[in-house]
2 protein chains.
Amino acid sequence: MRKGYTQRVIARLREQGLKVTPQRIAILKHLDGNTSHPSVEDIHRKVCRAFPTISLATVYNTLDTLEQLREVQSISVDPHRKHYDPDTRPHHHAICSHCHSIQDVFADLASAVRVPTAVAEIFRVDETTVHLRGVCLNCSTATA
Amino acid sequence: MRKGYTQRVIARLREQGLKVTPQRIAILKHLDGNTSHPSVEDIHRKVCRAFPTISLATVYNTLDTLEQLREVQSISVDPHRKHYDPDTRPHHHAICSHCHSIQDVFADLASAVRVPTAVAEIFRVDETTVHLRGVCLNCSTATA
DNA sequence: TTCGATGCAAAGCCTTTGCATCCTG
DNA sequence: CAGGATGCAAAGGCTTTGCATCGAA
């Protein structure tokens, strides 16, 4: 994620006539450059340090707003809860079955996923999501 | 799905020392050849016709058991609820944004998704899941 | 007869909603 | 000042769990 996420999103909120509150800024700062794909609760827990009174509902609301602005994407990798990624460029996710970490995988999607012509004829693909499940380097060396 | 799903799974239940109950048979029959990717509630509703007293918990339990036996796979396509697929061969899923239907897409996974060498070195991929989101033929013609 | 399966209800989680209050613009 | 944002609590929806009873083997 390039530097300036927080500032850019603040500008976009203003553009949209939405308000820039201290809570939102705190959430944005936490997301800025964050590649850990936190859940709502993860974000709430962390932001609580700087902002002890922030409510879970505010975190939910803010993430919904950010998702609508496409400044964050939700990834449904974990059946129990949503995770969020401030990097909205198209990329894959690799989920470790052991530690449940989520790593970004940047690869040329167009070449990585070729939709067969037969499928393209009966389904207009707007978006392609790829999840790789397996074992990350940390866990495989720890196990070995 | 080839013919014989119900019979095969019944045999596997017996093999594992698990019991073949009328409820389980009813669920298996409903899943046999089913390509609609039903949710737990969908299954419960349908099976209730033949079996009015079956409880939701039983459907949940049975699906958990079947998933452990790998005779059904859960697909997390819908953030609100799990969907189940009795076809456990590797394949993709195409989700229609309009009608929310889920279609199976059989295509050569190996060629469709090439994992970059750089990724393969830091992550051992066991399973690849591809979701195509877009608009199905029905909905695109209906809209046009 | 045995031990897993069932059914019911309650509890658990994650998420959404309602509403009075707050505060940004 | 006005209207969106916040915080709290309650409600919602999906799933799990506890437990007494049932029934397949």
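Numbers restart at 1 for each chain; the letters A, B, ... are given by sequence-line order, proteins then strands.
Between the side chain of Lys82(A) and the base of dC14(C), no donor-acceptor pair under 3.5 Å is found.
Side-chain N/O atoms of His83(A) and Asp78(A) include a donor and acceptor closer than 3.5 Å. Looking at Ser74(B) and Glu67(B), their side chains do bring a donor and an acceptor atom within 3.5 Å of each other.
Nearest-nucleotide assignment on DNA chain D puts the 5′-proximal partner with Thr65(A), out of Arg14(B) and Thr65(A). DNA chain C is contacted by both His80(B) and Arg24(B); Arg24(B) maps to the nucleotide lying nearer its 5′ end (nearest heavy atom per residue).
Checking the phosphate oxygens (OP1, OP2) of dG7(D), a side-chain nitrogen or oxygen of Gln23(A) falls inside 4.0 Å. Taking side-chain N and O atoms only, Thr21(A) has a distance below 4.0 Å to OP1 or OP2 of dT6(D). The phosphate of dT15(D) (OP1 or OP2) has a side-chain N or O of Tyr60(B) nearer than 4.0 angstrom. Close to dT15(D), at under 4.0 Å from its OP1 or OP2, lies no side-chain N or O of Arg81(B).
Of the candidate nucleotides dG4(D), dA5(C), dT6(D), dA5(C) has the atom nearest to the side chain of Lys19(B).
For the pair Asp78(B) CG and dG13(D) P, the interatomic distance rounds to 14 Å; values are reported in whole Å. The distance from atom NE2 of His83(B) to atom C1' of dT15(D) is 14 Å, rounded to the nearest whole Å. Per the geometry, CG belonging to Leu63(B) stands 14 Å off C1' belonging to dT16(D), to the nearest Å. Distance Ile27(A) CD1 to dG7(D) C1': 13 Å, rounded to the nearest Å. Atom CD1 of Ile25(A) and atom C1' of dT6(D) are 15 Å apart (whole Å). Put simply, CG on Leu13(B) is 19 Å from P on dG23(D), counting in whole angstrom units. Distance Glu15(A) CD to dT24(C) C1': 18 Å, rounded to the nearest Å. One can place CG of Asn61(B) at 12 Å from P of dG18(D), the figure rounded to the nearest angstrom.
A centroid separation of 6.0 Å or more is found between the aromatic rings of His92(B) and His131(B). In summary, the aromatic rings of His93(A) and His91(A) are positioned with their centroids under 6.0 Å apart.
Under the 4.5 Å side-chain heavy-atom criterion for ILVMFWY residues, no single connected hydrophobic cluster contains both Ile75(B) and Phe123(A).
Contacts between residues 41-58 of chain B and DNA chain D, defined by a heavy-atom separation under 4.0 Å, are made by Ala57(B).
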Could you walk me through whether Asp42(B) and Arg45(B) pass the salt bridge (Lys or Arg N to Asp or Glu O under 4.0 Å) check? CA-CA 5 Å; Asp42(B) 291 333; Arg45(B) 196 182 319 115; 3.4 Å; yes

Evaluate side-chain hydrogen bond (donor to acceptor under 3.5 Å, both in side chains) for Thr62(A) paired with Thr65(A), printing each intermediate quantity in order. CA-CA 5 Å; Thr62(A) 299; Thr65(A) 302; 5.9 Å; no

